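Okay, so here's the structure we're looking at.
Numbered from 1 within each chain, the chains take letters A, B, ... in sequence-line order. What you are looking at is a predicted structure, and each value in this text was computed from that prediction instead of being measured.
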Amino acid sequence: MPTEQGKRHSVLVVEDEDNIALALDYLMTREGYAHDRVANGGEALTRIREMRPDLVLLDVMLPEMSGYEICQGMRLDPELAGIKILMMTARGSAMERKKGLALGANGFISKPFELAELRAEVRRLLES
Amino acid sequence: MTMKPFALSHLSLRLRVFLFFAGLAIGAVVLLGLGLMLGYRRLGSPETLNAFVQGGIIGSFGVVGLTAAVWYLFDVNVSKPIDQLAGALRARAHADVAAVLDPNVARYLGDLAPAAQATTLSLSETRNALAEAVARETTRLSAEKDKLVALLSDVPVGVLLCSGDHQLVFYNGMAVDLIGAAAKGILPGLDRNLFDYLREGPIRHAHHRLIEAEDPDAASDLLCSTRDGSEMLAARMRLLPNQAGDTAPGYVLTLRDVTADLAVHAAREALLSEMLDRVRRPAANLRALLAVLPEGIASPPAMDAALRQEADDLSKVVTELAKRLEEGRAEAIPRAPLRVADLTDGLRARLEAKGLTLATEDAPLLLRCDGFEVVVLLAHVTLGIAVLHSVQQFSLTIEEDGTDAMLRLTWAGPALRVGQLETWLDAPLDEDAPGLTGRHVLMGHGTEVWPEALADGWQSVCLPLRITRHAGPRPKPIARAVVYDFDLLGKARNEKVAEANLADLIYVVFDTETTGLLPGQGDEIVQIAAVRIVNGKRVEAEVFDTLVNPGRSIPAASTAVHGITEAMVQGAPDIATAGRAFHKFAEGAVLIAHNAPFDMAFLRRHEPTIGARFDNPILDTVLLSAVIFGQHEEHSLDALTHRLSITIPEEARHTAIGDSLATADAFLKLLPMLHGRGLTRFGAVLTELRRHGRLLKDLN
């Protein structure tokens with residue numbers, strides 16, 4: 001979806017499960033965002049630095065480096081400070097939400113989520 | 001003839017010896033006389049009579065004098081010393097006299113005196129050795145008893161001993177907690193019936209089964225519930241060795257509260273089966289729908305809607321159940337509340353041992369956590385940071401955050417990476433607890449830990465823990481005493497009070513404080529206290545003591561006597577509630593008060609509101625004092641206790657409990673005196689009291 005400046009929002013999906021990544025890929029395309037996907041936690045920060053997306057859709061359980069670690073890494077790097085983070089987790093307890101937000105995530109959503117809910121949350125973060 | 005030696009043996013030794021010598025003298029005189037008479041006849045000359053008589057008299061005097069002299073020497077040197085020696089030996093045998101025997105007393109008795117001396121010496125030595133052994137054994141036993149009492153009062157299970165007819169003989173503090181709460185105000189007491197607290201079915205059943213099994217080592221596990229059914233208890237019963245043989249044997253009952261365990265278990269089971277049930281349906285539907293669709297072909301609209309519907313339902317069910325599971329988990333962790341101060345102290349000690357300093361602050365909170373686990377987790381993380389970033393000084397702050405307390409370990413230095421923290425969480429925390437990792441601790445407490453950067457280069461690690469409640473002042477340690485009287489095990493019971501032995505009855509000695517002296521004109525009770533006497537002993541731990549809201553003002557003159565103000569009785573129960581509790585406490589007991597008619601008048605006026613009658617037998621220590629000391633003495637409580645050398649501490653005087661204690665102690669001292677008067681049965685005492693009843697109205 002183009003903004004007023006005519007620039008498309010870009011989203012990086014960090015998710016190791018292929019099926020959900022497929023669904024997210026489909027959704028991002030439909031919403032009109034430029035998007036990409038990383039399946040490995042260890043590669044995420046490098047990709048974020050290269051791509052400088054507006055939003056990172058970040059899964060918590062990832063191979064090599066956890067979502068929390070990536071989140072903290074982004075917040076410790078002043079150059080990445082402006083990038084929004086939406087964390088996704090399958091467990092989604094209140095404590096995990098607290099932890100994610102404390103580490104600098106802008107939003108937190110538990111799986112299984114309704115697509116409408118995810119879409120609204122992504123929009124809210126991109127437009128704020 | 002047979003009577004004579006029997007009679008002689010009853011005379012004293014000296015008298016017998018005297019009679020012996022006297023007999024000898026008389027015999028010699030008689031024989032002398034006979035001999036002279038025979039000589040005189042044979043001679044046949046009458047003129048020699050005078051000479052014969054003269055010779056006979058002289059001879060007789062000589063024989064009597066000689067015998068008397070020998071008797072005297074014998075008496076002084078043999079008979080008397082033997083008597084003295086025997087008396088001295090008796091004194092040493094029966095009364096505990098240890099003085100040395102006088103050797104001069106029996107110096108003509110040969111070795112008898114030294115031999116007796118040796119015997120008494122050896123007796124006294126044996127006696128001393130025995131006394132020492134008994135004292136040593138007593139000390140050892142009482143030390144052992146104290147240890148056992150401490151142990152039994154502290155075991156985290158309720159322990160009860162009951163006689164064969166289910167009366168309590170022993171109980172510990174935990175048992176009071178477990179079975180007392182449900183009995184509505186009346187705590188377990190000695191010689192009370194177990195079935196006042198627990199439902200009898202399972203207990204009787206187990207008791208019978210164990211008796212029939214005839215195996216002294218058999219134990220029976222049972223589930224029983226409190227009278228009101230609010231608590232489920234897991235119990236184990238074991239029979240006591242039966243000394244009497246004819247009555248049913250008593251038993252030990254150990255109790256554990258499983259109400260919460262059972263409830264949590266049941267809730268979990270229910271959730272689990274509901275979860276399976278609700279997930280299975282949409283999963284099966286989805287599979288069926290997808291199975292009939294040919295692959296790669298767009299699904300027909302109706303089918304498509306059905307698929308979406310099922311997938312939607314499935315994820316909603318999973319979300320909802322996951323939420324309920326999480327809510328239930330916090331409750332499922334059975335942990336004793338822990339004070340923040342106890343936690344910070346533990347952590348500081350651990351860190352200081354490693355050369356680190358920790359500044360802590362206190363917060364008036366009780367946390368739901370395992371102190372050891374949380375302390376080792378925080379210490380492990382702190383040590384990791386200390387090594388990694390060369391930090392020496394830390395501080396721990398605690399702030400309230402909704403239902404959680406946020407523990408924050410802070411230090412100045414570089415930030416801690418989540419990745420680093422997570423590797424620490426995977427490592428074992430403490431060599432004393434093998435297999436325990438940070439992840440286990442977090443999972444067990446339903447929490448997470450994470451680093452957070454603070455302002456001005458300060459760093460922190462956050463650990464939220466569930467708050468149980470705000471801490472008030474530390475509660476007074478509950479008297480975890482064990483209470484027992486094993487004599488109750490073999491006690492024969494007499495159903496009829498009048499025929500019962502005084503010492504066998506249960507007494508509740510009580511006293512009230514009031515707004516004034518005129519129950520008929522609106523004065524009311526402001527305090528009731530009572531103590532129990534079971535088996536002739538006051539049971540220290542079984543005390544009833546409550547303030548009562550009189551529902552009216554308390555005159556200053558009365559407050560001056562008992563010190564109870566209107567403010568003090570504000571939150572106190574009214575007479576209906578307090579009276580009911582007191583009625584329960586006094587169940588099955590003889591009521592005793594000093595000047596009982598006064599206290600009973602206040603209580604009986606309220607019987608309708610209390611909903612129970614005080615129909616217990618009643619004794620009055622004023623009347624008992626009159627029976628023992630006569631009607632002309634003074635019978636005030638002060639006078640009576642003074643006569644019996646009982647001291648009431650000044651601060652306890654005119655408090656209901658202080659006066660109850662004094663009255664009870666006075667009664668216990670009067671009991672043996674009544675016994676001395678031959679008044680051993682309750683009925684006999686009542687009859688005697690009625691004779692003195694003119695002093696005061698009889699209440700029975």
Side-chain angles (χ1 to χ4, degrees), chain A residues 14 17 19-20 22-23 26-27 40-46 58-78 80-81 85 87-105 108-119, chain B residues 279 282-283 286 308-330 401-406 408 414-423 425-426 439 441-454 457 459-466:
Chain A
V14 186
E17 264 187 80
N19 285 349
I20 189 102
L22 184 70
Y26 190 78
L27 177 75
N40 190 317
E43 296 162 15
L45 278 170
T46 329
L58 186 58
D59 189 33
V60 169
M61 299 288 284
L62 290 168
E64 288 183 30
M65 189 185 268
S66 82
Y68 293 122
E69 208 172 340
I70 297 166
C71 185
Q72 189 194 30
M74 287 174 67
R75 290 308 175 224
L76 286 173
D77 186 344
L80 307 179
I85 303 170
M87 294 192 86
M88 306 177 291
T89 171
R91 283 214 307 268
S93 70
M95 249 345 140
E96 280 178 299
R97 176 183 295 268
K98 223 177 212 179
K99 178 176 178 178
L101 296 180
L103 284 170
F108 199 95
I109 196 161
S110 2
K111 297 178 190 172
F113 41 72
E114 287 194 49
L115 228 45
E117 189 192 345
L118 177 69
R119 201 161 51 202
Chain B
V279 169
L286 264 179
R308 285 171 198 284
Q309 180 64 47
E310 290 297 342
D312 221 37
D313 284 355
L314 185 60
S315 60
K316 273 187 189 142
V317 165
V318 170
T319 310
E320 186 210 315
L321 291 175
K323 194 160 159 254
R324 273 170 49 191
L325 187 71
E326 192 197 340
E327 282 164 0
R329 184 169 288 148
D401 178 18
T403 55
D404 294 329
M406 184 66 87
R408 215 182 269 272
L416 176 67
R417 305 299 293 249
V418 180
Q420 179 63 60
L421 182 60
E422 280 172 0
T423 57
L425 292 182
D426 290 328
R439 290 230 184 269
V441 176
L442 295 179
M443 196 118 72
H445 288 77
T447 188
E448 291 278 342
V449 62
W450 64 84
E452 221 175 288
L454 303 174
Q459 306 294 334
S460 72
V461 169
C462 302
L463 175 69
L465 289 173
R466 187 67 73 95

* **Engaged part of A:Leu76 at the chain B interface, taking heavy atoms whose separation is under 4.5 Å** => side chain
* Within a strict 4.5 Å, meaning less than it, do heavy atoms of the A:Lys98 and B:Asp404 side chains meet? -> yes
In residues 311-318 of chain B, what donor-acceptor pairs under 3.5 Å come from side-chain atoms, sequence neighbours left out?
unit_1   : atom_1 : unit_2   : atom_2 : d
B:Asp313 : OD1    : B:Gln309 : NE2    : 3.1
B:Ser315 : OG     : B:Ala311 : O      : 3.4
B:Ser315 : OG     : B:Asp312 : O      : 3.2

* Heavy-atom distances under 4.5 Å only: say whether B:Leu463 touches chain A with side chain, backbone, both or neither. => neither
* Could you pull out all residues at least two apart from B:Glu448 that satisfy salt bridge (charged side-chain N to carboxylate O under 4.0 Å, His left out)? => A:Lys99
* Can you name the closest pair of heavy atoms from B:Arg417 and A:Gly73 and give their distance? -> NH2-CA, 3.7 Å
* Separation between CH2 of B:Trp450 and CD of A:Glu96, rounded to the nearest 0.5 Å -> 10.5 Å
* Please look at B:Ala415 and chain A and tell me whether the side chain, the backbone, both or neither of the residue comes under 4.5 angstrom of a heavy atom of that chain. => side chain
* To do: Report the distance from atom CG of B:Leu421 to atom CD of A:Glu69, rounding to the nearest 0.5 Å.
  => 10.0 Å
* To do: Please check if atom CG in B:Asp426 has more than 12 non-hydrogen atoms from other residues, nucleotides or ligands closer than 6.0 Å.
  => yes
* To do: For B:Pro464 and A:Met95, work out which heavy atoms get closest and say how close.
  => CG-SD, 3.6 Å
